[in-house]
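Notes to accompany the following structure.
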Amino acid sequence: MLEDAKAAAHPSTKVVAVTMLTSLDDDDLAAAGVAGSAHDHVLRLADLAREAGLDGIVCSGAEVKAAHAAWPKGYFVVPGVRPAGGEIGDQKRVVTPRMAVDHGASMLVIGRPITRAENPDAAARAIAATL
């Protein structure tokens, strides 16, 4: 499936695989019958994506450093990013924007801290200032 997705994409399109939702953690994996830690699970899935010829993965900031070390040329989309001291909501594996970038994120996904802010423009600018 991963190989087919890459083959079907336009050559200039980056194809990334979603590893594990940032709203899940080790306990959620265990409840679903998946052995091991979230960290190990994400790295296994990253290896599958790399071996299939994809450009990268979507993973939490908690795993991006290890994934980047194992796949230096990978493209890493990091969701669940929250400003320091910000509300984490339903997210279980979060990092700050600065930490995500420092650990190898190629792209950050920052939703609710901006979209639910009283002033989304100011919120986005404040986050950008931390980078």
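Values below: all heavy atoms of this structure, side chains included; hydrogens, waters and symmetry mates excluded. Everything quoted here is computed from the prediction, not taken from an experiment.
- Contact between Leu2 and Ala17 at its shortest, heavy atoms only, is CD2-CB, 4.1 Å.
- One hydrophobic cluster, built from ILVMFWY side chains closer than 4.5 Å, holds both Val16 and Met107.
- No single ILVMFWY cluster, assembled from side-chain heavy atoms under 4.5 Å apart, contains both Met20 and Val18.
- In the hydrophobic clustering of this structure, Val101 does not group with Val109; members are Ile, Leu, Val, Met, Phe, Trp, Tyr whose side-chain heavy atoms approach within less than 4.5 Å, directly or through other members.
- Within the model, atoms CG of Leu45 and CG of Asp40 stand 11.0 Å from one another, a figure rounded to the nearest 0.5 Å.
- Formation of a donor-acceptor pair under 3.5 Å by the Asp55 side chain with backbone atoms of Val15 is found in this model.
- To the nearest 0.5 Å, the span separating CD on Glu3 from CG on Leu54 amounts to 9.0 Å.
- In this structure, NZ in Lys92 is found 13.0 Å from OG in Ser60, a value given to the nearest 0.5 Å.
- Residues passing the side chain to side chain donor-acceptor pair (under 3.5 Å) test with Asp90, sequence neighbours excluded: Arg112.
- Taking both residues in full, the closest heavy atoms of Ala100 and Leu108 are given as CB-CD2, 3.5 Å, listed atom of the first, atom of the second, then distance.
- We find that Arg125 and Asp121 are joined by a salt bridge, their nearest charged nitrogen and carboxylate oxygen being less than 4.0 Å apart.
- Side-chain atoms of Arg93 come within 3.5 Å of backbone atoms of Leu24 as a donor-acceptor pair (strictly under, hydrogens ignored).
- Checked against Arg82 for a side chain to side chain contact (heavy atoms under 4.5 Å, CB included), the options Ile110, Ile127, Thr96, Val94 give a single hit: Val94.
- A side-chain donor-acceptor contact under 3.5 Å links Arg98 to the backbone of Leu131.
- The minimum heavy-atom distance linking Ala38 with Asp26 is given by the pair N-OD1, 2.6 Å.
- Between the side chain of Asp25 and the backbone N or O of Asp28, at least one donor-acceptor pair lies under 3.5 Å.
- You'll find the side chain of Glu63 stays beyond 4.5 Å of the side chain of Ile57, heavy atoms only.
- Here the closest non-hydrogen pair linking Ala49 and Gly56 is CB-O, 4.2 Å.
- Asp102 and Lys65 are not joined by a salt bridge, as no carboxylate oxygen comes within less than 4.0 angstrom of a charged side-chain nitrogen.
- The nearest pair of heavy atoms linking Ser106 to Gly74 is OG-O, 4.0 Å.
- With rounding to the nearest 0.5 angstrom, the NE2 atom of His68 is 10.5 Å from the SG atom of Cys59.
- Ionic pairing of Asp47 and Arg50 is present here: one or more N-O contacts between side-chain nitrogen and carboxylate oxygen are shorter than 4.0 angstrom.
- In this structure, Thr19 contributes its side chain and Val58 its backbone to a donor-acceptor pair below 3.5 Å.
- Counting only residues at least two apart or in different chains, ring-ring contact (aromatic ring centres under 6.0 Å, His included) contacts with residues 22-53 are absent.
- For Glu51, the CD atom is densely surrounded, since the number of other residues' heavy atoms within 6.0 Å is greater than 12.
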